[in-house]
Student: 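What follows is a single structure, and I will ask about it in a moment.
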2 protein chains.
Amino acid sequence: MVTEITALRIVGTAFYEEYAAAMARTRPTADAGATDRPGSWRELAVARSLDPARARAEERVQRFLDAAVELMMENATGKDFTVQDVVERSGQSLRSFYQYFAGKHELLLALFEESVRSTAEQLQQTVDEIDDPLERLHRFVVEHYLACRPLPSTSSRRKIPSPAAMAEFGQKLLTEHPKEASRAFMPVVSLFERLLDDAAAAGVIRPGMDHRSVAGIALQAIMFNAFAATISGTPISRDGSAAADELWTLFFSGIGAGTSKGA
Amino acid sequence: MVTEITALRIVGTAFYEEYAAAMARTRPTADAGATDRPGSWRELAVARSLDPARARAEERVQRFLDAAVELMMENATGKDFTVQDVVERSGQSLRSFYQYFAGKHELLLALFEESVRSTAEQLQQTVDEIDDPLERLHRFVVEHYLACRPLPSTSSRRKIPSPAAMAEFGQKLLTEHPKEASRAFMPVVSLFERLLDDAAAAGVIRPGMDHRSVAGIALQAIMFNAFAATISGTPISRDGSAAADELWTLFFSGIGAGTSKGA
DNA sequence: ATCAGACGAGAACGACCTTTCCAGCCGCGA
DNA sequence: TCGCGGCTGGAAAGGTCGTTCTCGTCTGAT
């Protein structure tokens, strides 16, 4: 009976194929005693028969997620919501929550992944309208910065946790579960990396850099300068785009006077 | 009676004058009914008579801090310690703990401030041995990066929380209490800012930058790239100094090819 | 019709942080 | 010297929150 629960749990949190695959690999057919065998048609049949259940489960999970997003958007203070809150808001039971999520952290991770994914899509869309590789990088940095701001003014058609609210959790995730965090961040990092590759191919950025690593560093700087007061205590009252451009300039030109090499 | 408690609490957490001043300003002579008046000699007398008590209190507070640092250094995993743990380790009572600290967060804040302060001193010392302003910046970045690494190999003569362990809490603090976090970070930020000023005066860095803001951004990037896996998921196994130099190069030269301007 | 299993409602548990109460103890002033 | 006020240790209690468990109901598949 463990297998079914696991399956449902996978349905719940697997918004991305890699995640589901990873989970499946982790617990591959826990008790292979009775039903499942590596046959071909049998699996398909089981999957088909599981379809309605899967649909139901997905709908339930989605209700939890929606409730969590609602709570997150109401509490502008970033105050953490309680599992109880999510349960009550979703009109379901605590029992069900733990049926679908291994714990609160899985819920948060799911929200975070969804946020990153949607942000990446939006950025991809924005960037696609631009031809110049360097300008694409520029826009990416600025837009991502603005998206991570407390009030992104993004009329989210869908119920999607704002990147701003998620950035904070992203940070926490990055320190507590680096592995999962990295995977969750993948969509944006990959996009950024691709832009860097293109720019490098066009010869508009300095060669010899590890684009993946640069992307990581830059994204971290962008996100956490956007959503929080900087270490320096600089007030965030300034116009968003001004700060964004400042960050871009620093990122692009560095601090050097351009007369000598860095090291 | 509230005033005395407050006073001791100030003694406990006020490792920096600004902090004490702020607290004093916050609760200025709570009940001015009986004893204290803005006289001159009277205050001095009270202060003198309070001296032994103050010494005792400071010693007690220090015991709590030492215990906390010990626990923090034992748990290499960064696992959070409990207030109970600190109390037991320090051989004092829970009652006393809350006599000196308004809560766990004050203890953490105190540890954090001390860590930043000592790190700043050490960096200052290191940098003082160098003449070239640019090289000073370079060393600052590299050393700070290395200091924030999980295993800094710093033979801490004193009981001082390692910057690595503190970086994580620093991040949390930065999101939850930006005000206090900024103040706690001040020593390092100011030092960095000064180095930037010097470098600018020497003409070796790009003019027109807000040094304070740049310092904040850079420090954040340095610290949280040092102690955590980067967003990109790059393994941290590489030699520390190599990664540090990479970060410095990026910070100094940016990503630009140097042919065109950033914006 | 039957039966496994999902589901809801809620109690219960355990880990923490925090507060509070009580009884000693010490120092300081009358 | 005595007594008062306040610090201190010991311990218990309160509160929050995540997580688990119990029990009874309902549904959907066979």
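All heavy atoms count here, side chains included; hydrogens, waters and symmetry mates do not. Chain naming here is simple, since letters A, B, ... match the order of the sequence lines and numbering starts at 1 in each.
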Student: Taking salt bridge (Lys or Arg N to Asp or Glu O under 4.0 Å) as the definition, give me every residue that meets it alongside A/R63, ordered by chain and number, with sequence neighbours left out.
Tutor: A/E59

Student: For A/Y98 and A/V87, run side chain to side chain contact (heavy atoms under 4.5 Å, CB included): C-alpha distance rounded to whole Å, both residues' side-chain angles, the deciding distance at 0.1 Å, then the answer.
Tutor: CA-CA 10 Å; A/Y98 284 99; A/V87 166; over 6 Å; no

Student: For A/F81, enumerate each residue passing the ring pair (Phe, Tyr, Trp, His ring centres under 6.0 Å) test, keeping only those at least two apart in sequence or located in another chain.
Tutor: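 Counting only residues at least two positions away or on another chain, A/F81 forms no ring pair (Phe, Tyr, Trp, His ring centres under 6.0 Å).
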
Student: If the sugar-phosphate is the primed atoms plus P, OP1 and OP2 and the base is the rest, what is the B/S/- string for nucleotides 9-19 of chain C, using protein heavy atoms under 4.0 Å?
Tutor: B-B----SSBB

Student: Are the ring centres of B/F64 and B/F97 closer than 6.0 Å?
Tutor: yes

Student: Rounded at 0.5 Å granularity, tell me how far NZ in B/K179 sits from CG in B/L173.
Tutor: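 It comes to 13.5 Å.
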
Student: From CZ of A/R56 over to C1' of C/dG8, roughly how many Å is that when rounded to an integer?
Tutor: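 After rounding, the gap between these two atoms is 15 Å.
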
Student: B/E88 CD to D/dG9 P: how many Å, rounded?
Tutor: 14 Å

Student: Check the orientation of B/H177 and B/H105. Use parallel for under 30°, tilted for 30 to 60°, and perpendicular for over 60°.
Tutor: tilted

Student: Quick one: B/Q99 CD to D/dG5 C1', roughly how many Å, whole number?
Tutor: 13 Å

Student: Using whole Å, what does the distance between atom P of nucleotide D/dC17 and atom CG of A/D85 come to?
Tutor: 8 Å

Student: Whole angstroms only, please: what is the CZ-C1' distance between A/F101 and D/dT20?
Tutor: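 Between C1' of D/dT20 and CZ of A/F101: 18 Å.
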
Student: Measure from CG on A/L108 to C1' on D/dT19 and round the result to the nearest Å.
Tutor: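 Interatomic distance, CG of A/L108 to C1' of D/dT19: 15 Å.
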
Student: For A/R60 and C/dA6, is the shortest distance between a side-chain N/O and OP1 or OP2 below 4.0 Å?
Tutor: no

